[in-house]
Amino acid sequence: FGFGLFGVGTSWVYVSIHDFSGVWAWLAVLITMAFAAVLAVYFLVLGWLARQLMAPKSVAMLLVFPALWVLVEWLRGWLFTGFPWLVAGYSQIDTVISGYAAYFGVYGVSYVLALMAGSLALLVKSQRLLASGLLAGLLMIGFLGQYFALSQTEETGDSLRVSMIQGNITQDRKWLSEELRPTLQMYHRLTEQHWDSDLILWPETAMPILYQSVKEPYILPLAKKAKAHHTTIIAGVPIGEGEHYYNSMVAFGDHPLQFYHKVHLVPFGEFMPFESILGNLLKALKIPMAHFAGGGDQQPLFHIKNIPIAMSICYEDAFGEEIISALPEAQLLVNVSNDAWFGESLAAPQHLQMAQMRALESGRTLLRNTNTGISAVINPDGSIQQQLASFKRDVLTATVKARAGLTGYALWGNAPVIILVLIILAFGGRLARERS
């Protein structure tokens with residue numbers, strides 16, 4: 001099951017390493033299959049633990065297995081820097097079960113979903129009264145949670161007019177030296193068409209060149225124009241500081257220069273774990289700028305028109321507890337990405353779905369700007385206000401409102417769910433021992 005889930009759900013690994021890194025097709029297939037096989041081990045552990053904690057059927061369906069499912073999902077999102085992709089709770093972003101997210105996060109939604117699956121199994125075989133009552137109760141609580149979710153936060157009265165530029169630079173052209181000037185000219189031209197916006201947002205590594213090389217001839221003159229129009233530009237650019245390189249965002253224009261360095265890096269994409277052993281693999285994958293360093297955990301928030309903004313870059317929005325670490329100070333969330341690495345695969349809609357969950361968990365509007373799509377304005381309830389079509393050069397302009405306050409999830413994170421499942425597993429283990 002695990003191999004099938006990740007073999008299909010993360011098939012975009014093949015696209016990135018074959019189509020854009022030039023790895024032979026047979027080797028790319030093997031790497032993708034190996035990646036899926038490693039992730040499938042989590043389900044092997046899940047099955048083994050379920051056997052060890054086997055209890056009476058109703059207890060197993062309603063307590064042990066749902067708790068194990070969530071515990072293993074959480075471990076997958078934490079061990080070895082974490083890979084929280086395809087967590088079951090994301091599948092419910094557009095259903096009534098999403099009503100649990102603002103209080104208990106995506107793992108809380110996963111737990112409720114697994115509990116409902118156990119209830120359905122019991123409904124078919126036995127314990128029909130218990131199962132149907134539990135299903136009805138879970139749906140009703142989800143509905144109430146959805147209804148009251150936004151009451152946990154409130155609008156501050158401040159707003160921003162935002163323009164997000166989707167440059168649509170294909171990955172096979174992005175880092176070519178002959179493409180640099182046309183790329184910079186394109187972003188400059190589209191930016192000048194939207195000086196009436198308070199914030200103009202460019203995607204991750206929109207400038208495919210070191211910051212130090214473009215600061216004087218390009219960024220500072222553009223910042224001067226932006227300041228004259230009382231506009232701020234936030235743009236992605238790699239930054240070199242001494243021996244370290246950072247995947248960064250820089251804000252310039254109506255405010256002094258502000259910087260954010262990506263903290264949670266992608267293994268094998270932005271840094272190579274065990275580089276002394278696997279260094280040749282990095283060369284084979286031909287990933288540009290793949291020796292990034294992580295930024296500090298306590299970086300200051302961006303401030304645009306006195307609205308504090310929490311930045312995240314690409315993969316970072318897959319980690320709910322990292323996003324809420326900027327709350328309650330942050331009143332708006334911004335995530336930028338370059339999903340061009342994955343072509344027309346499942347990766348972009350999956351990534352958008354995770355961004356929707358982050359908005360819902362935090363009770364904040366989230367601006368998601370990407371190079372090739374899907375760029376979107378996501379409402380605090382997780383719904384999409386506006387979005388651009390993929391693989392199209394376009395600009396999305398919208399007015400967004402700042403919000404303050406804390407959702408339940410922003411207040412306590414994943415701790416309640418993990419503590420709950422550990423207590424349940426301890427209880428289930430005791431029942432299993434008594435049964436044996």
Side-chain angles (χ1 to χ4, degrees), residues 81 164-165 167 169 171 174-177 179-181 183-188 191 199-227 231-272 275 282 286-304 308-317 322 325-326 330 333-341 367-371:
T81 79
M164 300 191 295
I165 300 176
I169 307 296
Q171 194 60 35
K174 182 179 177 70
W175 295 93
L176 298 179
S177 57
E179 292 295 324
L180 176 60
R181 183 179 293 275
T183 295
L184 296 179
Q185 289 174 341
M186 178 269 295
Y187 279 110
H188 192 292
T191 294
L199 171 62
I200 300 174
L201 190 61
W202 300 4
E204 177 187 15
T205 57
M207 293 179 273
I209 186 174
L210 283 175
Y211 168 78
Q212 287 77 3
S213 299
V214 287
K215 178 183 176 182
E216 297 291 338
Y218 184 76
I219 291 178
L220 292 184
L222 191 55
K224 187 175 180 180
K225 289 184 180 180
K227 184 173 178 136
T231 300
T232 298
I233 299 168
I234 299 180
V237 61
I239 293 178
E241 293 181 0
E243 297 180 353
H244 299 292
Y245 295 90
Y246 299 96
N247 186 355
S248 304
M249 299 299 295
V250 55
F252 53 92
D254 203 31
H255 295 265
L257 287 171
Q258 304 171 75
F259 297 93
Y260 171 76
H261 302 318
K262 187 177 181 182
V263 179
H264 199 134
L265 303 178
V266 181
F268 304 102
E270 293 173 314
F271 78 99
M272 177 60 68
E275 187 170 354
L282 185 65
K286 301 177 183 178
I287 300 173
M289 307 300 293
H291 292 279
F292 285 121
D297 291 331
Q298 302 298 322
Q299 299 180 63
L301 301 179
F302 283 8
H303 286 78
I304 310 297
I309 296 177
M311 293 295 309
S312 61
I313 298 177
C314 192
Y315 184 62
E316 290 182 311
D317 69 349
E322 294 181 13
S325 66
L333 305 180
V334 172
N335 176 262
V336 295
S337 187
N338 177 29
D339 289 340
W341 272 108
L367 304 176
R368 184 164 192 274
N369 190 31
T370 73
N371 173 20

(message) With a 4.5 Å cut-off on side-chain heavy atoms, are I309 and L301 touching?
(response) no
(request) Report yes or no: do T232 and D254 form a side-chain donor-acceptor pair below 3.5 Å? (result) no
(request) Examine distances only and state if a side-chain atom of N335 and a backbone atom of M311 form a donor-acceptor pair shorter than 3.5 Å. (result) no
(request) Please state whether the rings of F252 and W202 are parallel, tilted or perpendicular, taking 30° and 60° as the class boundaries. (result) perpendicular
(request) Measure the spacing between NZ of K224 and CG of L222 and express it to the nearest 0.5 Å. (result) 12.5 Å
(message) Rounded to the nearest 0.5 Å, what separates atom OG in S325 from atom CD in Q298?
(response) 8.0 Å
(message) What's the separation between atom CD1 in I239 and atom CZ in F292, rounded to the nearest 0.5 Å?
(response) 10.0 Å
(request) Mind listing the closest non-hydrogen atom pair of A226 and G253 along with its distance? (result) CB-CA, 3.7 Å
(request) Any chance you could measure L176, atom CG, to I169, atom CD1, to the nearest 0.5 Å? (result) 11.0 Å
(message) Looking at every non-hydrogen atom in both residues, tell me the closest pair between T205 and K174 and how far apart they are.
(response) O-NZ, 2.6 Å
(message) Are the side chains of T191 and I233 in contact, using a 4.5 Å heavy-atom criterion?
(response) yes
(message) Any non-hydrogen side-chain atom of V250 less than 4.5 Å from a side-chain atom of K215?
(response) no
(message) Within the structure provided, determine whether P208 and L180 are in side-chain contact (heavy-atom separation under 4.5 Å).
(response) yes
(message) Give me the atom names and distance for the closest heavy-atom approach of A293 to H244.
(response) CB-ND1, 3.8 Å
(message) So Y218 and H188, do their side chains get closer than 4.5 Å, heavy atoms only?
(response) yes
(request) Return each pair, listed once, that meets salt bridge (Lys or Arg N to Asp or Glu O under 4.0 Å) where at least one residue sits in residues 234-252; pairs must be two or more places apart or across chains. (result) none
(message) Run the ring-ring contact (aromatic ring centres under 6.0 Å, His included) test against Y211 and tell me which residues pass, sequence neighbours left out.
(response) F259
(message) Can you see whether Q171 engages N371 through a side-chain donor-acceptor pair at a distance of less than 3.5 angstrom?
(response) no
(message) For the backbone of E322 and the side chain of E316, can you confirm whether one donor and one acceptor N or O come within less than 3.5 Å of each other?
(response) no
(message) Please report the interatomic distance CG(L184) to CE(M207), rounded to the nearest 0.5 Å.
(response) 7.5 Å
(message) Within the structure provided, determine whether V334 and M249 are in side-chain contact (heavy-atom separation under 4.5 Å).
(response) no
(request) Could you pull out the closest heavy-atom pair between F302 and Q258, with the gap in Å? (result) CA-OE1, 3.2 Å
(request) Please report the shortest heavy-atom distance between A251 and I234, naming the atom on each side. (result) CB-CG1, 3.8 Å
(message) Minimum heavy-atom separation for P203 and Y187, please, with both atom names.
(response) CG-OH, 3.4 Å
(request) Side-chain contact test, heavy atoms from C-beta onward, threshold under 4.5 Å: evaluate it for Y315 versus K262 and give yes or no. (result) yes
(message) Can you tell me how far apart CG (L199) and OG1 (T231) are? Round to the nearest 0.5 Å.
(response) 9.0 Å
